[in-house]
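Only one structure is covered here, and it is reproduced in the block below.
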Amino acid sequence: MENAIEVKGLAKYFSNFRAVESIDFHVKKGEIFGFLGPSGSGKTTTIKILTGQLDPTVGEAFVFGEKVSKLKNSNARKRFGVLTDNSGLYVRLSIFDNLKLYCQLYDLPISKIDEALGFVNLKEASKKKVSELSKGMMQRVLLARAILHEPELLFLDEPTSALDPVNTLHIYEGLRALNKKGTTIFLTTHDMHEADTLCDRVAFLNKGKIQLMDEPRNLKKQYADSTITMELTNDEQVTIRKDAAGAEAMYQLMMENRLVTVHSNEPTLGDIFVRVTGGELV
Ligand SMILES: Nc1ncnc2c1ncn2[C@@H]1O[C@H](COP(=O)(O)OP(=O)(O)OP(=O)(O)O)[C@@H](O)[C@H]1O
């Protein structure tokens with residue numbers, strides 16, 4: 001499969017501070033790739049480099065096979081959409097009028113606005129001025145703008161950080177639907193549950209370095225502790241290993257009709273992150 005993004009030995013220094021250090025990864029076309037890390041780990045810096053907003057200090061990055069340094073003047077730019085907290089919206093204009101400007105810029109029919117606002121659950125607020133929006137509404141307008149031109153590749157910097165649970169689930173559904181239609185998604189988050197729910201593959205970023213990269217289910221298998229916890233009729237919890245002795249113990253409990261629930265003790269991505277980095281997720 002062709003790669004949408006390729007990154008080789010990429011680093012970004014701000015004076016002597018190393019925000020991103022020597023990272024290598026690729027994102028295949030059609031993937032949802034999660035770039036995970038705590039606050040300050042270098043996620044936004046990487047997105048800014050990949051979208052041509054910042055130059056790397058060392059290394060190379062390619063989007064659709066084109067060097068990111070050349071994206072500013074290239075057709076490749078029209079093939080991706082970006083959601084960052086850098087709004088660039090006109091605060092005195094309504095949501096609709098802001099998106100209309102984008103339609104004109106990208107030569108899109110105005111009908112796209114309704115579609116994009118439906119995607120972010122904001123159809124009914126389309127006449128509201130941007131200056132009157134809550135943080136979560138603003139984030140959804142920016143997401144609507146990022147998808148307006150139906151990009152092949154979406155860069156999303158913490159796309160649900162300001163959203164309530166209902167809108168978060170709505171956006172997850174929308175992103176899955178977009179991905180099914182072929183959109184590649186590069187997503188940063190510090191929300192490990194979000195990453196687990198959405199991503200085909202994830203990279204753990206810590207202090208500017210990639211520490212682990214794989215499919216969430218492979219990571220969970222790799223770091224599984226091979227135990228099962230059972231809850232019994234007297235509210236007691238019993239943990240057994242997944243071996244012959246464990247099977248015998250479970251069999252006994254079932255024969256005695258004492259078993260209520262069974263949980264396989266898989267680690268979460270958050271547990272794995274903390275184990276691998278020795279750090280905390282902020
Ligand atoms: N323009 C800049 N000048 C100096 N340091 C910077 C600059 N931009 C980012 N940094 C530093 O680089 C590091 C990585 O920042 P970055 O914004 O990429 O982190 P992040 O993982 O996106 O964090 P968050 O989740 O809080 O947004 C931080 O220590 C930050 O202070």
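Note that ligands are numbered from 1 as they come in the structure, with each ligand's atoms numbered from 1 the same way. Side-chain atoms are counted along with the backbone in the values below, which use heavy atoms only and exclude waters and symmetry mates.
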Cluster companions of [X] among Ile, Leu, Val, Met, Phe, Trp, Tyr (side-chain spacing under 4.5 Å):
X	result
Met255	Tyr251
Val58	Tyr13
Met230	Ile228, Leu232, Val238, Ile240, Met250, Leu253, Met254, Leu259, Val262

Step through the shown structure and confirm whether more than 12 heavy atoms of other residues, nucleotides or ligands are within 6.0 Å of CD on Gln104. yes

What do you reckon, is CZ of Arg217 surrounded by more than 12 foreign heavy atoms closer than 6.0 Å? no

May I ask you to check if Arg275 and Tyr223 form a cation-pi contact, with NZ or CZ under 6.0 angstrom from the six-membered ring centre and within 45° of the axis? no

Expected contact list for ligand 1 at under 4.0 angstrom, heavy-atom basis, is Phe14, Phe17, Ala19, Pro38, Ser39, Gly40, Ser41, Gly42, Lys43, Thr44, Thr45, Glu158

